[in-house]
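Just so we're on the same page: letters track the sequence lines, and every chain starts at 1.
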Number of protein chains: 2
Amino acid sequence: MNFQKRKQKILEQLDRTGEVDIKKLAAELDISEITARRDLNQLANDGLLYRTHGGAMKVDPLAKPKDFANKAAQNADVKDHICRKAAEHINDGDIIFMDCGSTVFRLCQFIKNKKIKVITNSLPVIYELQNCSVSINIIGGEFNNERQATHGKIANEHIARYHAGKAFLGVDGVSARGLFANSELEAEITSMYINQSAYTYVLCDDSKVGKETYLKFAYIDQIEAIITNADDQKLACFKDTALTILQVG
Amino acid sequence: MNFQKRKQKILEQLDRTGEVDIKKLAAELDISEITARRDLNQLANDGLLYRTHGGAMKVDPLAKPKDFANKAAQNADVKDHICRKAAEHINDGDIIFMDCGSTVFRLCQFIKNKKIKVITNSLPVIYELQNCSVSINIIGGEFNNERQATHGKIANEHIARYHAGKAFLGVDGVSARGLFANSELEAEITSMYINQSAYTYVLCDDSKVGKETYLKFAYIDQIEAIITNADDQKLACFKDTALTILQVG
DNA sequence: TTTAATTTGATCAAAATTAATCAAAAACGA
DNA sequence: TCGTTTTTGATTAATTTTGATCAAATTAAA
(Lines give C-alpha, C1' and ligand atoms only; values in the text may rest on other atoms or scores of the structure.)
Protein backbone atom coordinates (compact mmCIF):
# COMPACT_ATOMS: atom_id res chain seq x y z
CA MET A 1 0.00 0.00 0.00
CA ASN A 2 1.59 3.25 -1.12
CA PHE A 3 1.13 6.75 0.14
CA GLN A 4 -1.47 7.78 -2.42
CA LYS A 5 -3.63 4.84 -1.53
CA ARG A 6 -3.24 5.42 2.19
CA LYS A 7 -4.03 9.08 1.69
CA GLN A 8 -7.29 8.11 0.03
CA LYS A 9 -8.23 5.83 2.90
CA ILE A 10 -7.29 8.35 5.54
CA LEU A 11 -9.34 11.13 3.96
CA GLU A 12 -12.20 8.72 3.47
CA GLN A 13 -12.28 7.73 7.10
CA LEU A 14 -11.86 11.34 8.13
CA ASP A 15 -14.84 12.27 6.03
CA ARG A 16 -16.86 9.46 7.60
CA THR A 17 -15.96 9.74 11.26
CA GLY A 18 -14.45 13.21 11.51
CA GLU A 19 -11.26 12.00 13.16
CA VAL A 20 -8.50 9.44 13.02
CA ASP A 21 -6.16 8.00 15.61
CA ILE A 22 -2.51 7.23 14.94
CA LYS A 23 -2.47 3.87 16.69
CA LYS A 24 -5.67 2.61 15.09
CA LEU A 25 -4.62 3.99 11.73
CA ALA A 26 -1.28 2.20 11.90
CA ALA A 27 -3.03 -1.04 12.78
CA GLU A 28 -5.72 -0.74 10.11
CA LEU A 29 -3.38 0.21 7.30
CA ASP A 30 -0.70 -2.17 8.56
CA ILE A 31 2.00 0.47 8.73
CA SER A 32 4.20 1.65 11.56
CA GLU A 33 3.09 4.53 13.71
CA ILE A 34 5.89 6.72 12.44
CA THR A 35 4.67 6.27 8.89
CA ALA A 36 1.12 7.04 9.93
CA ARG A 37 2.43 10.17 11.58
CA ARG A 38 4.34 11.13 8.49
CA ASP A 39 1.25 10.64 6.37
CA LEU A 40 -0.87 12.82 8.63
CA ASN A 41 1.81 15.48 8.76
CA GLN A 42 2.01 15.62 5.02
CA LEU A 43 -1.74 15.83 4.62
CA ALA A 44 -1.88 18.51 7.29
CA ASN A 45 0.79 20.39 5.41
CA ASP A 46 -1.44 20.33 2.36
CA GLY A 47 -4.31 21.63 4.45
CA LEU A 48 -6.34 18.46 3.96
CA LEU A 49 -6.78 17.75 7.65
CA TYR A 50 -6.06 19.22 11.03
CA ARG A 51 -3.36 17.51 13.02
CA THR A 52 -3.94 16.77 16.70
CA HIS A 53 -1.92 15.04 19.37
CA GLY A 54 -2.27 11.37 18.60
CA GLY A 55 -4.27 11.76 15.43
CA ALA A 56 -6.07 14.21 13.18
CA MET A 57 -9.43 15.87 12.65
CA LYS A 58 -11.42 16.98 9.67
CA VAL A 59 -10.59 20.46 8.51
CA ASP A 60 -12.89 23.18 9.76
CA PRO A 61 -16.24 22.75 8.04
CA LEU A 62 -17.38 26.31 8.64
CA ALA A 63 -18.06 28.31 5.53
CA LYS A 64 -20.85 30.60 6.57
CA PRO A 65 -19.77 34.20 6.02
CA LYS A 66 -22.07 36.19 3.67
CA ASP A 67 -24.44 36.15 0.79
CA PHE A 68 -21.21 35.81 -1.07
CA ALA A 69 -21.21 32.40 0.51
CA ASN A 70 -24.31 31.61 -1.50
CA LYS A 71 -22.48 31.79 -4.76
CA ALA A 72 -19.48 30.15 -3.22
CA ALA A 73 -21.70 27.32 -2.02
CA GLN A 74 -22.87 26.46 -5.52
CA ASN A 75 -21.04 23.42 -6.71
CA ALA A 76 -19.19 23.48 -3.42
CA ASP A 77 -18.11 19.86 -3.68
CA VAL A 78 -16.39 20.29 -6.99
CA LYS A 79 -14.86 23.58 -5.93
CA ASP A 80 -13.56 22.04 -2.73
CA HIS A 81 -11.92 19.22 -4.64
CA ILE A 82 -10.22 21.70 -6.90
CA CYS A 83 -9.12 23.87 -4.01
CA ARG A 84 -7.86 20.94 -2.00
CA LYS A 85 -5.57 20.12 -4.88
CA ALA A 86 -4.53 23.74 -5.18
CA ALA A 87 -3.68 23.85 -1.47
CA GLU A 88 -1.23 21.02 -1.99
CA HIS A 89 0.81 23.40 -4.13
CA ILE A 90 1.04 26.05 -1.42
CA ASN A 91 3.88 25.81 1.06
CA ASP A 92 4.97 27.75 4.11
CA GLY A 93 6.81 30.87 3.07
CA ASP A 94 4.94 31.26 -0.19
CA ILE A 95 3.62 34.61 -1.35
CA ILE A 96 0.49 34.13 -3.40
CA PHE A 97 -2.13 36.15 -5.24
CA MET A 98 -5.77 35.18 -4.83
CA ASP A 99 -8.44 36.75 -7.00
CA CYS A 100 -12.05 37.50 -6.12
CA GLY A 101 -13.88 34.58 -7.67
CA SER A 102 -16.13 32.27 -5.72
CA THR A 103 -14.00 29.25 -6.54
CA VAL A 104 -10.80 30.78 -5.29
CA PHE A 105 -12.64 31.88 -2.17
CA ARG A 106 -13.06 28.27 -1.13
CA LEU A 107 -9.29 27.88 -1.13
CA CYS A 108 -9.23 29.85 2.12
CA GLN A 109 -10.36 27.02 4.34
CA PHE A 110 -7.43 24.87 3.21
CA ILE A 111 -4.67 27.38 3.80
CA LYS A 112 -5.60 28.81 7.17
CA ASN A 113 -2.81 27.01 8.95
CA LYS A 114 -0.11 27.77 6.43
CA LYS A 115 2.48 30.42 7.12
CA ILE A 116 2.10 32.36 3.91
CA LYS A 117 1.39 35.83 2.63
CA VAL A 118 -1.76 36.34 0.61
CA ILE A 119 -2.24 39.36 -1.64
CA THR A 120 -5.85 39.78 -2.65
CA ASN A 121 -8.55 42.18 -3.81
CA SER A 122 -11.35 40.03 -2.40
CA LEU A 123 -13.09 41.17 0.75
CA PRO A 124 -14.52 37.73 1.60
CA VAL A 125 -11.03 36.26 1.34
CA ILE A 126 -9.72 38.93 3.69
CA TYR A 127 -12.54 38.27 6.09
CA GLU A 128 -11.99 34.55 5.98
CA LEU A 129 -8.23 34.74 6.54
CA GLN A 130 -8.31 37.13 9.45
CA ASN A 131 -7.06 35.74 12.71
CA CYS A 132 -5.07 32.89 11.29
CA SER A 133 -1.45 32.29 10.44
CA VAL A 134 -1.81 33.86 6.99
CA SER A 135 -0.54 37.41 6.63
CA ILE A 136 -2.72 39.53 4.38
CA ASN A 137 -2.01 42.26 1.89
CA ILE A 138 -5.02 44.13 0.61
CA ILE A 139 -5.19 45.48 -2.93
CA GLY A 140 -6.55 48.98 -2.64
CA GLY A 141 -8.84 50.84 -5.00
CA GLU A 142 -12.50 51.41 -5.69
CA PHE A 143 -14.67 48.84 -4.01
CA ASN A 144 -17.20 47.05 -6.16
CA ASN A 145 -20.07 45.93 -4.01
CA GLU A 146 -21.38 43.32 -6.41
CA ARG A 147 -18.05 41.53 -6.67
CA GLN A 148 -17.06 42.28 -3.09
CA ALA A 149 -13.65 43.33 -4.29
CA THR A 150 -11.55 46.26 -5.40
CA HIS A 151 -10.98 47.04 -9.07
CA GLY A 152 -9.79 49.75 -11.35
CA LYS A 153 -6.72 51.74 -12.21
CA ILE A 154 -5.38 52.13 -8.71
CA ALA A 155 -5.94 48.48 -7.90
CA ASN A 156 -4.03 47.52 -11.02
CA GLU A 157 -1.18 49.81 -10.10
CA HIS A 158 -1.14 48.38 -6.64
CA ILE A 159 -0.72 44.86 -7.95
CA ALA A 160 2.05 46.07 -10.21
CA ARG A 161 4.03 46.98 -7.12
CA TYR A 162 4.13 43.37 -5.97
CA HIS A 163 5.51 40.07 -7.19
CA ALA A 164 4.35 36.68 -6.01
CA GLY A 165 5.53 33.16 -6.56
CA LYS A 166 2.09 31.84 -7.39
CA ALA A 167 -1.29 33.19 -8.42
CA PHE A 168 -4.59 31.34 -7.98
CA LEU A 169 -7.21 32.68 -10.33
CA GLY A 170 -10.71 31.95 -11.46
CA VAL A 171 -11.93 32.64 -14.98
CA ASP A 172 -15.25 32.67 -16.79
CA GLY A 173 -13.93 30.58 -19.62
CA VAL A 174 -10.77 28.88 -20.81
CA SER A 175 -9.79 27.22 -24.07
CA ALA A 176 -6.62 26.59 -26.06
CA ARG A 177 -7.08 30.09 -27.43
CA GLY A 178 -6.80 31.71 -24.02
CA LEU A 179 -8.62 32.99 -20.96
CA PHE A 180 -12.01 34.68 -21.05
CA ALA A 181 -13.90 36.97 -18.68
CA ASN A 182 -17.36 38.46 -18.48
CA SER A 183 -16.21 41.90 -17.49
CA GLU A 184 -13.40 44.26 -18.33
CA LEU A 185 -12.66 45.15 -14.73
CA GLU A 186 -12.27 41.50 -13.91
CA ALA A 187 -10.14 40.83 -16.96
CA GLU A 188 -7.75 43.66 -16.21
CA ILE A 189 -7.08 42.68 -12.66
CA THR A 190 -6.65 39.05 -13.58
CA SER A 191 -4.15 40.05 -16.26
CA MET A 192 -2.20 41.98 -13.69
CA TYR A 193 -2.08 39.00 -11.39
CA ILE A 194 -0.74 36.85 -14.20
CA ASN A 195 1.93 39.41 -15.11
CA GLN A 196 3.16 39.75 -11.57
CA SER A 197 3.38 36.10 -10.60
CA ALA A 198 6.01 33.53 -11.49
CA TYR A 199 3.54 30.65 -11.74
CA THR A 200 -0.18 30.96 -12.41
CA TYR A 201 -2.80 28.35 -11.54
CA VAL A 202 -6.26 28.71 -13.06
CA LEU A 203 -8.97 27.08 -10.99
CA CYS A 204 -12.11 26.18 -12.89
CA ASP A 205 -14.82 23.57 -12.93
CA ASP A 206 -15.70 21.64 -16.07
CA SER A 207 -18.41 24.09 -17.12
CA LYS A 208 -15.74 26.70 -17.81
CA VAL A 209 -13.45 24.47 -19.85
CA GLY A 210 -13.74 25.03 -23.59
CA LYS A 211 -15.99 28.03 -23.02
CA GLU A 212 -15.08 31.17 -24.95
CA THR A 213 -17.10 34.02 -23.57
CA TYR A 214 -17.32 37.83 -23.86
CA LEU A 215 -13.74 39.00 -23.54
CA LYS A 216 -10.45 37.23 -24.17
CA PHE A 217 -7.81 38.79 -21.98
CA ALA A 218 -4.84 36.40 -22.02
CA TYR A 219 -3.19 33.73 -24.13
CA ILE A 220 -3.09 30.22 -22.80
CA ASP A 221 0.71 30.19 -22.68
CA GLN A 222 0.67 33.04 -20.18
CA ILE A 223 -0.44 30.65 -17.48
CA GLU A 224 1.30 27.55 -16.20
CA ALA A 225 -1.37 25.24 -14.80
CA ILE A 226 -5.06 24.47 -14.71
CA ILE A 227 -6.73 22.70 -11.83
CA THR A 228 -10.09 21.31 -12.86
CA ASN A 229 -12.52 18.44 -12.61
CA ALA A 230 -13.05 18.35 -16.38
CA ASP A 231 -12.62 14.98 -18.07
CA ASP A 232 -9.96 13.98 -20.59
CA GLN A 233 -12.23 14.69 -23.52
CA LYS A 234 -12.83 18.26 -22.49
CA LEU A 235 -9.16 18.72 -21.75
CA ALA A 236 -8.02 17.29 -25.06
CA CYS A 237 -7.93 20.76 -26.57
CA PHE A 238 -4.93 21.57 -24.40
CA LYS A 239 -2.77 18.72 -25.59
CA ASP A 240 -0.67 20.95 -27.83
CA THR A 241 0.04 23.42 -25.04
CA ALA A 242 2.75 23.45 -22.40
CA LEU A 243 0.07 23.61 -19.74
CA THR A 244 0.27 21.49 -16.60
CA ILE A 245 -3.13 19.94 -16.11
CA LEU A 246 -4.08 18.96 -12.60
CA GLN A 247 -7.16 16.81 -12.76
CA VAL A 248 -9.28 16.11 -9.70
CA GLY A 249 -11.97 13.52 -9.16
CA MET B 1 -9.80 12.39 24.03
CA ASN B 2 -7.51 15.19 22.97
CA PHE B 3 -7.78 18.91 23.42
CA GLN B 4 -9.28 19.61 20.03
CA LYS B 5 -12.10 17.19 20.63
CA ARG B 6 -12.71 18.48 24.13
CA LYS B 7 -12.75 21.99 22.76
CA GLN B 8 -15.51 20.98 20.37
CA LYS B 9 -17.56 19.46 23.14
CA ILE B 10 -17.05 22.37 25.50
CA LEU B 11 -18.10 24.93 22.92
CA GLU B 12 -21.02 22.76 21.95
CA GLN B 13 -22.30 22.54 25.49
CA LEU B 14 -21.64 26.23 25.98
CA ASP B 15 -23.75 26.98 22.95
CA ARG B 16 -26.53 24.77 24.24
CA THR B 17 -26.68 25.70 27.91
CA GLY B 18 -24.80 28.98 28.01
CA GLU B 19 -22.42 27.89 30.75
CA VAL B 20 -20.17 25.08 31.90
CA ASP B 21 -18.94 23.98 35.32
CA ILE B 22 -15.41 22.74 35.97
CA LYS B 23 -16.40 19.79 38.15
CA LYS B 24 -19.16 18.56 35.86
CA LEU B 25 -16.98 19.13 32.83
CA ALA B 26 -14.14 17.10 34.33
CA ALA B 27 -16.52 14.28 35.13
CA GLU B 28 -18.27 14.29 31.76
CA LEU B 29 -15.10 14.42 29.70
CA ASP B 30 -13.26 12.10 32.08
CA ILE B 31 -10.38 14.44 32.69
CA SER B 32 -8.93 15.96 35.83
CA GLU B 33 -10.14 19.31 37.02
CA ILE B 34 -6.82 20.95 36.36
CA THR B 35 -7.02 19.91 32.74
CA ALA B 36 -10.54 21.21 32.45
CA ARG B 37 -9.32 24.47 33.90
CA ARG B 38 -6.48 24.61 31.45
CA ASP B 39 -8.87 23.97 28.57
CA LEU B 40 -11.18 26.75 29.64
CA ASN B 41 -8.28 29.12 30.12
CA GLN B 42 -6.99 28.44 26.67
CA LEU B 43 -10.38 28.90 25.06
CA ALA B 44 -10.88 32.08 27.03
CA ASN B 45 -7.53 33.24 25.79
CA ASP B 46 -8.75 32.73 22.24
CA GLY B 47 -11.84 34.73 23.04
CA LEU B 48 -14.14 31.75 22.52
CA LEU B 49 -15.69 31.86 25.97
CA TYR B 50 -15.78 33.96 29.10
CA ARG B 51 -14.05 32.49 32.13
CA THR B 52 -15.83 32.56 35.50
CA HIS B 53 -14.98 31.20 38.92
CA GLY B 54 -15.61 27.52 38.71
CA GLY B 55 -16.51 27.45 35.05
CA ALA B 56 -17.16 29.53 31.96
CA MET B 57 -19.91 31.40 30.14
CA LYS B 58 -20.80 31.89 26.54
CA VAL B 59 -19.18 34.93 25.05
CA ASP B 60 -21.51 37.70 23.95
CA PRO B 61 -22.09 37.08 20.23
CA LEU B 62 -22.09 40.82 19.70
CA ALA B 63 -18.56 41.05 21.02
CA LYS B 64 -17.40 38.23 18.80
CA PRO B 65 -16.60 40.35 15.74
CA LYS B 66 -13.53 41.18 17.81
CA ASP B 67 -11.99 43.24 20.46
CA PHE B 68 -12.36 46.08 18.01
CA ALA B 69 -16.09 46.02 18.64
CA ASN B 70 -15.38 46.10 22.35
CA LYS B 71 -13.17 49.09 22.00
CA ALA B 72 -15.67 50.80 19.74
CA ALA B 73 -18.34 50.15 22.35
CA GLN B 74 -16.35 51.78 25.13
CA ASN B 75 -17.63 55.25 25.79
CA ALA B 76 -20.12 54.71 22.99
CA ASP B 77 -22.38 57.52 24.16
CA VAL B 78 -19.70 60.15 24.03
CA LYS B 79 -18.36 58.86 20.76
CA ASP B 80 -21.83 58.90 19.23
CA HIS B 81 -22.38 62.49 20.25
CA ILE B 82 -19.12 63.46 18.64
CA CYS B 83 -19.87 61.53 15.48
CA ARG B 84 -23.38 62.90 15.17
CA LYS B 85 -21.88 66.36 15.14
CA ALA B 86 -19.29 65.26 12.61
CA ALA B 87 -21.98 63.86 10.34
CA GLU B 88 -23.62 67.29 10.21
CA HIS B 89 -20.54 68.46 8.36
CA ILE B 90 -20.80 65.80 5.67
CA ASN B 91 -22.91 66.53 2.61
CA ASP B 92 -23.94 64.64 -0.48
CA GLY B 93 -21.17 64.67 -3.02
CA ASP B 94 -18.39 64.92 -0.46
CA ILE B 95 -15.27 62.83 -0.71
CA ILE B 96 -13.93 62.07 2.75
CA PHE B 97 -11.11 60.20 4.44
CA MET B 98 -11.92 58.08 7.49
CA ASP B 99 -9.15 56.58 9.57
CA CYS B 100 -9.12 53.34 11.52
CA GLY B 101 -9.79 54.51 15.04
CA SER B 102 -12.68 53.25 17.14
CA THR B 103 -14.19 56.72 17.43
CA VAL B 104 -14.25 57.37 13.72
CA PHE B 105 -15.76 53.92 13.23
CA ARG B 106 -18.91 55.06 14.98
CA LEU B 107 -19.35 57.76 12.36
CA CYS B 108 -20.47 55.07 9.92
CA GLN B 109 -23.96 54.74 11.31
CA PHE B 110 -24.66 58.43 10.71
CA ILE B 111 -23.55 58.60 7.08
CA LYS B 112 -25.08 55.46 5.61
CA ASN B 113 -27.72 57.35 3.70
CA LYS B 114 -25.46 60.04 2.35
CA LYS B 115 -24.32 59.98 -1.26
CA ILE B 116 -20.64 60.34 -0.61
CA LYS B 117 -17.35 58.65 -1.34
CA VAL B 118 -15.38 57.32 1.61
CA ILE B 119 -11.67 56.53 1.36
CA THR B 120 -10.49 54.43 4.28
CA ASN B 121 -7.92 51.95 5.55
CA SER B 122 -10.28 50.52 8.18
CA LEU B 123 -11.80 47.11 7.58
CA PRO B 124 -14.66 47.59 10.08
CA VAL B 125 -15.61 50.81 8.31
CA ILE B 126 -15.65 48.99 4.99
CA TYR B 127 -17.92 46.29 6.38
CA GLU B 128 -20.20 48.80 7.97
CA LEU B 129 -20.60 50.85 4.80
CA GLN B 130 -21.16 47.98 2.42
CA ASN B 131 -24.59 47.83 0.85
CA CYS B 132 -25.50 51.43 1.39
CA SER B 133 -25.39 54.59 -0.67
CA VAL B 134 -21.79 55.31 0.25
CA SER B 135 -19.22 54.42 -2.35
CA ILE B 136 -16.05 53.00 -0.87
CA ASN B 137 -12.41 53.27 -1.78
CA ILE B 138 -10.10 50.93 0.07
CA ILE B 139 -6.54 51.92 0.96
CA GLY B 140 -4.38 48.92 0.06
CA GLY B 141 -1.30 47.61 1.81
CA GLU B 142 -0.27 45.23 4.52
CA PHE B 143 -3.13 44.33 6.79
CA ASN B 144 -2.58 44.75 10.51
CA ASN B 145 -4.83 42.38 12.36
CA GLU B 146 -4.69 44.19 15.66
CA ARG B 147 -5.80 47.48 14.19
CA GLN B 148 -8.04 45.88 11.59
CA ALA B 149 -6.58 48.18 8.99
CA THR B 150 -3.89 48.54 6.35
CA HIS B 151 -0.69 50.40 7.06
CA GLY B 152 2.79 50.90 5.73
CA LYS B 153 4.60 52.29 2.75
CA ILE B 154 2.19 51.15 0.08
CA ALA B 155 -0.81 52.36 2.06
CA ASN B 156 0.82 55.77 2.42
CA GLU B 157 1.56 55.91 -1.29
CA HIS B 158 -1.99 54.92 -2.01
CA ILE B 159 -3.37 57.79 0.02
CA ALA B 160 -0.98 60.14 -1.75
CA ARG B 161 -2.79 59.34 -4.98
CA TYR B 162 -6.04 60.79 -3.68
CA HIS B 163 -7.36 64.12 -2.51
CA ALA B 164 -10.44 64.57 -0.38
CA GLY B 165 -12.40 67.56 0.79
CA LYS B 166 -12.54 66.43 4.39
CA ALA B 167 -10.74 64.00 6.64
CA PHE B 168 -12.17 62.58 9.88
CA LEU B 169 -9.42 61.34 12.14
CA GLY B 170 -8.92 60.01 15.62
CA VAL B 171 -5.78 60.67 17.63
CA ASP B 172 -4.28 59.36 20.84
CA GLY B 173 -3.61 62.83 22.13
CA VAL B 174 -3.98 66.46 21.11
CA SER B 175 -2.69 69.71 22.62
CA ALA B 176 -1.75 73.17 21.41
CA ARG B 177 1.61 71.68 20.50
CA GLY B 178 0.12 69.26 18.04
CA LEU B 179 -1.24 65.77 17.44
CA PHE B 180 0.09 62.66 19.15
CA ALA B 181 -0.08 58.94 18.39
CA ASN B 182 0.89 55.75 20.15
CA SER B 183 2.41 54.14 17.09
CA GLU B 184 4.48 55.18 14.13
CA LEU B 185 2.36 53.30 11.62
CA GLU B 186 -0.69 55.09 12.84
CA ALA B 187 1.05 58.45 12.86
CA GLU B 188 2.27 58.11 9.32
CA ILE B 189 -1.03 57.23 7.83
CA THR B 190 -2.79 59.96 9.77
CA SER B 191 -0.23 62.46 8.49
CA MET B 192 -0.94 61.37 4.96
CA TYR B 193 -4.66 61.87 5.48
CA ILE B 194 -4.02 65.37 6.75
CA ASN B 195 -1.75 66.23 3.82
CA GLN B 196 -4.22 65.01 1.24
CA SER B 197 -7.37 66.65 2.57
CA ALA B 198 -8.51 70.23 2.30
CA TYR B 199 -10.14 70.29 5.73
CA THR B 200 -9.30 68.00 8.64
CA TYR B 201 -11.57 67.23 11.58
CA VAL B 202 -10.06 65.53 14.61
CA LEU B 203 -12.56 63.52 16.63
CA CYS B 204 -11.62 62.93 20.24
CA ASP B 205 -13.22 62.55 23.62
CA ASP B 206 -12.11 64.64 26.59
CA SER B 207 -9.59 62.05 27.78
CA LYS B 208 -7.45 62.78 24.73
CA VAL B 209 -7.51 66.56 25.01
CA GLY B 210 -4.35 68.00 26.52
CA LYS B 211 -2.69 64.59 26.40
CA GLU B 212 0.79 64.51 24.89
CA THR B 213 1.73 60.91 24.36
CA TYR B 214 4.47 58.88 22.65
CA LEU B 215 4.88 60.47 19.25
CA LYS B 216 4.05 63.93 17.96
CA PHE B 217 3.33 63.70 14.27
CA ALA B 218 1.67 66.99 13.29
CA TYR B 219 1.39 70.62 14.34
CA ILE B 220 -1.91 71.88 15.53
CA ASP B 221 -2.20 74.35 12.64
CA GLN B 222 -2.16 71.49 10.15
CA ILE B 223 -5.71 70.64 11.11
CA GLU B 224 -8.80 72.81 10.90
CA ALA B 225 -11.27 71.54 13.48
CA ILE B 226 -11.69 69.47 16.61
CA ILE B 227 -14.94 67.81 17.58
CA THR B 228 -14.95 66.86 21.24
CA ASN B 229 -16.94 66.65 24.44
CA ALA B 230 -14.15 68.29 26.46
CA ASP B 231 -15.14 71.28 28.62
CA ASP B 232 -14.02 74.89 28.20
CA GLN B 233 -11.27 74.51 30.75
CA LYS B 234 -9.65 71.66 28.90
CA LEU B 235 -10.07 73.47 25.60
CA ALA B 236 -8.58 76.73 26.89
CA CYS B 237 -5.16 75.72 25.64
CA PHE B 238 -6.39 76.12 22.06
CA LYS B 239 -7.50 79.74 22.43
CA ASP B 240 -4.42 81.09 20.64
CA THR B 241 -4.88 78.81 17.66
CA ALA B 242 -6.94 79.21 14.53
CA LEU B 243 -8.72 75.97 15.32
CA THR B 244 -12.46 75.62 14.96
CA ILE B 245 -13.72 73.93 18.10
CA LEU B 246 -16.96 72.01 17.85
CA GLN B 247 -18.13 71.20 21.32
CA VAL B 248 -20.79 68.57 21.99
CA GLY B 249 -22.82 67.85 25.12
C1' DT C 1 -14.89 42.20 59.37
C1' DT C 2 -13.29 37.62 60.06
C1' DT C 3 -13.47 32.83 58.96
C1' DA C 4 -14.18 28.82 56.21
C1' DA C 5 -14.69 26.78 51.80
C1' DT C 6 -13.62 26.81 47.22
C1' DT C 7 -11.06 27.91 43.24
C1' DT C 8 -6.86 28.95 41.20
C1' DG C 9 -1.99 29.06 39.55
C1' DA C 10 2.60 27.20 40.10
C1' DT C 11 5.65 23.57 40.36
C1' DC C 12 6.98 19.13 39.59
C1' DA C 13 6.72 14.35 37.87
C1' DA C 14 4.75 10.77 34.95
C1' DA C 15 2.82 9.37 30.68
C1' DA C 16 2.08 9.89 25.94
C1' DT C 17 3.34 11.78 21.60
C1' DT C 18 6.59 13.53 18.56
C1' DA C 19 10.92 14.73 15.96
C1' DA C 20 15.44 13.31 14.66
C1' DT C 21 18.73 10.17 13.26
C1' DC C 22 20.14 6.30 11.09
C1' DA C 23 19.74 1.82 8.78
C1' DA C 24 17.13 -1.46 6.02
C1' DA C 25 14.07 -2.28 2.28
C1' DA C 26 11.88 -1.11 -1.91
C1' DA C 27 11.51 1.30 -6.24
C1' DC C 28 13.81 3.29 -10.01
C1' DG C 29 16.84 4.34 -13.97
C1' DA C 30 20.78 3.37 -16.58
C1' DT D 1 23.08 -5.91 -13.10
C1' DC D 2 24.56 -1.93 -10.22
C1' DG D 3 24.15 2.42 -8.03
C1' DT D 4 20.91 5.95 -6.68
C1' DT D 5 16.87 7.67 -4.77
C1' DT D 6 12.76 7.09 -2.14
C1' DT D 7 10.15 5.02 1.32
C1' DT D 8 9.76 2.76 5.59
C1' DG D 9 10.85 1.28 10.30
C1' DA D 10 13.52 1.19 14.75
C1' DT D 11 15.75 3.64 18.31
C1' DT D 12 16.51 7.49 21.00
C1' DA D 13 15.98 12.08 22.80
C1' DA D 14 12.95 15.96 23.11
C1' DT D 15 8.48 17.86 23.49
C1' DT D 16 3.78 17.97 24.81
C1' DT D 17 0.09 16.74 27.59
C1' DT D 18 -1.71 15.47 31.81
C1' DG D 19 -2.31 14.90 36.79
C1' DA D 20 -1.01 15.57 41.79
C1' DT D 21 0.25 18.54 45.45
C1' DC D 22 0.22 22.80 47.82
C1' DA D 23 0.34 27.76 48.69
C1' DA D 24 -2.11 31.90 47.26
C1' DA D 25 -6.20 34.13 45.87
C1' DT D 26 -11.10 34.48 45.57
C1' DT D 27 -15.71 33.80 47.02
C1' DA D 28 -19.28 32.97 50.33
C1' DA D 29 -20.83 32.83 54.89
C1' DA D 30 -20.89 34.05 59.65
Quickly work out the [X] [atom1] to [N] [atom2] distance and round it to whole Å.
X: A:L40; N: C:dA19; atom1: CG; atom2: C1'; answer: 15 Å
X: B:Q42; N: C:dG9; atom1: CD; atom2: C1'; answer: 16 Å
X: B:Q4; N: C:dT17; atom1: CD; atom2: P; answer: 13 Å
X: A:K7; N: D:dT8; atom1: NZ; atom2: P; answer: 14 Å
X: B:R38; N: C:dA10; atom1: CZ; atom2: C1'; answer: 10 Å

Identify which nucleotide among C:dT18, D:dT18, C:dT7 has an atom closest to any side-chain atom of A:H53, counting heavy atoms from C-beta outward.
->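 Closest of the options to the side chain of A:H53: C:dT18.
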
Would you say the side-chain atoms of A:T150 pair up with the backbone N or O of A:A155, donor to acceptor, closer than 3.5 Å?
-> no

Check: A:A198 main-chain N/O paired with A:K166 side-chain donor or acceptor under 3.5 Å = no

Which of parallel (below 30°), tilted (30 to 60°) and perpendicular (above 60°) describes A:F168 and A:Y201?
->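 The arrangement is parallel - the two ring planes meet at less than 30°.
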
Considering just the side-chain nitrogens and oxygens of [X], establish if one lies under 4.0 Å of OP1 or OP2 belonging to [N].
X: B:N2; N: D:dT17; result: no
X: A:K23; N: C:dA16; result: no
X: A:R37; N: D:dT8; result: no
X: A:R51; N: C:dT17; result: no

Do any of residues 24-35 of chain B sit with a heavy atom less than 4.0 Å from DNA chain C, and if so which?
-> B:I34

With a non-hydrogen cut-off below 4.0 angstrom, is B:D21 in contact with a base, only sugar-phosphate, or nothing?
->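 Contact class for B:D21: none.
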
